[in-house]
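Heads up: the structure comes next, in structure tokens.
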Amino acid sequence: VIFRWWKISLRNKFRESRPGEIKESWEDFLDDSSLHIQIAIVFGAKVLEHVLNLCRGNYDFLERLPVPLLLYIISFLELEDIARLSQVSRRFEMICNSNVLWENIVKNLCDTITPEMKELAQEIGWKQFFFTNRLQLQLQLRRRRQKQDAQDKKD
């Protein structure tokens with residue numbers, strides 16, 4: 001771990017000062033609480049926690065993957081596994097319940113999606129659309145058509 005700092009000042013006595021540097025092995029860094037405090041003050045607690053986790057070998061690569069790649073990977077999971085993954089963290093809960101993921105799941109599992117079905121899914125959410133049984137969907141689509149016809153007659 002290398003920690004570097006610079007003194008920034010308008011005072012003449014610090015004008016010629018060189019950057020400071022501390023180099024420590026990761027084992028020594030884990031024991032240096034004064035350096036931990038300095039890092040937390042300058043960079044914040046999250047950066048300190050991240051560096052400490054790196055030094056301890058606790059690095060979660062899955063949490064760092066970009067959302068589009070995670071969505072692609074999750075789309076291959078079974079529904080039970082998606083439900084379990086949504087309980088891992090807030091980030092995974094958001095991703096596993098996202099309309100983007102459920103739209104992909106519905107499109108992969110359904111042969112045809114009419115524009116009317118797509119509108120309903122966007123209105124109620126793709127996850128809700130997926131878990132609603134066919135009879136209820138047909139009823140909701142019929143109600144939407146009736147509303148649309150009533151509005152068209154008014155216009």
Side-chain angles (χ1 to χ4, degrees), residues 1-134 136-137 140-141 144 147:
V1 176
I2 302 171
F3 183 72
R4 292 188 179 118
W5 68 89
W6 292 262
K7 287 188 180 185
I8 299 172
S9 175
L10 295 175
R11 296 183 181 181
N12 283 334
K13 70 177 185 176
F14 294 118
R15 186 168 275 169
E16 299 297 321
S17 63
R18 301 270 178 220
E21 182 176 273
I22 296 175
K23 290 183 183 182
E24 292 185 350
S25 68
W26 59 269
E27 294 102 345
D28 293 336
F29 173 74
L30 287 172
D31 295 330
D32 192 344
S33 60
S34 64
L35 187 52
H36 298 175
I37 292 168
Q38 291 301 312
I39 290 174
I41 290 170
V42 175
F43 298 107
K46 283 190 174 188
V47 170
L48 173 62
E49 182 182 348
H50 177 71
V51 173
L52 289 171
N53 283 331
L54 282 174
C55 291
R56 292 180 185 128
N58 301 334
Y59 190 74
D60 188 0
F61 291 100
L62 197 57
E63 278 284 335
R64 299 243 181 252
L65 289 176
V67 172
L69 181 56
L70 284 171
L71 286 168
Y72 178 73
I73 293 168
I74 293 169
S75 70
F76 290 101
L77 296 177
E78 297 292 327
L79 297 179
E80 290 176 13
D81 296 327
I82 294 173
R84 286 187 194 114
L85 183 61
S86 73
Q87 298 171 348
V88 168
S89 68
R90 287 184 184 147
R91 181 173 189 233
F92 281 112
E93 179 184 18
M94 180 196 69
I95 293 169
C96 290
N97 291 319
S98 71
N99 269 332
V100 175
L101 175 66
W102 287 98
E103 182 179 1
N104 289 336
I105 290 171
V106 169
K107 287 180 178 178
N108 288 337
L109 295 177
C110 295
D111 296 333
T112 57
I113 299 173
T114 65
E116 190 178 34
M117 291 169 67
K118 189 173 183 175
E119 283 180 28
L120 178 62
Q122 289 171 338
E123 184 179 304
I124 66 172
W126 284 95
K127 184 177 180 180
Q128 181 68 34
F129 180 82
F130 179 81
F131 285 109
T132 304
N133 69 37
R134 288 184 181 191
Q136 289 175 330
L137 282 176
Q140 287 181 350
L141 287 170
R144 282 178 58 83
K147 263 188 190 175

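Nearest heavy-atom pair, I113 versus K118, reported as atom, atom and distance to 0.1 Å: CG2-N, 4.0 Å. Listed here is the closest heavy atom pair of E116 and R144: O-NE, 4.5 Å. Looking at every heavy atom in both residues, V100 comes nearest to L71 through CG1-CD1, 3.7 Å. D81 and L77 make their closest contact through CB-CB, 4.1 Å (heavy atoms, listed as atom of the first residue, atom of the second, distance). Nearest heavy-atom pair, I95 versus S98, reported as atom, atom and distance to 0.1 Å: O-OG, 2.9 Å. Closest of all the heavy-atom pairs between K127 and N99 is N-OD1, 4.4 Å.
Remark: the backbone N or O of F29 is paired with a side-chain donor or acceptor of H36 at under 3.5 angstrom. In this structure, the side chain of W102 engages the main chain of C96 through a donor-acceptor pair within 3.5 Å. Without hydrogens or angle criteria, N108 side chain to N104 main chain gives a donor-acceptor distance under 3.5 Å.
Defined by atom type and a distance below 3.5 Å, a donor-acceptor pair is present between the side-chain atoms of S25 and E27.
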ask   = Which is it for T114 and L141 under the side-chain contact (heavy atoms from CB on, under 4.5 Å) test, yes or no, and what are the steps along the way?
value = CA-CA 11 Å; T114 65; L141 287 170; 5.7 Å; no

request  = In sequence, state the C-alpha distance, the side-chain angles, and the governing distance for F43 and V51, and then conclude on side-chain contact (heavy atoms from CB on, under 4.5 Å).
outcome  = CA-CA 11 Å; F43 298 107; V51 173; over 6 Å; no

request  = Take L65 and I73 through the test side-chain contact (heavy atoms from CB on, under 4.5 Å) and record every step on the way to the result.
outcome  = CA-CA 10 Å; L65 289 176; I73 293 168; 4.2 Å; yes

key: Stepwise side-chain contact (heavy atoms from CB on, under 4.5 Å) test for E24 and F3   = CA-CA 9 Å; E24 292 185 350; F3 183 72; over 6 Å; no

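If you take CZ on R91 and CG on L70, they are separated by 5.0 Å, rounding to the nearest 0.5 Å.
Checked options L52, L54, L48, V47; the residue passing with H50 is L54 (criterion: side chain to side chain contact (heavy atoms under 4.5 Å, CB included)).
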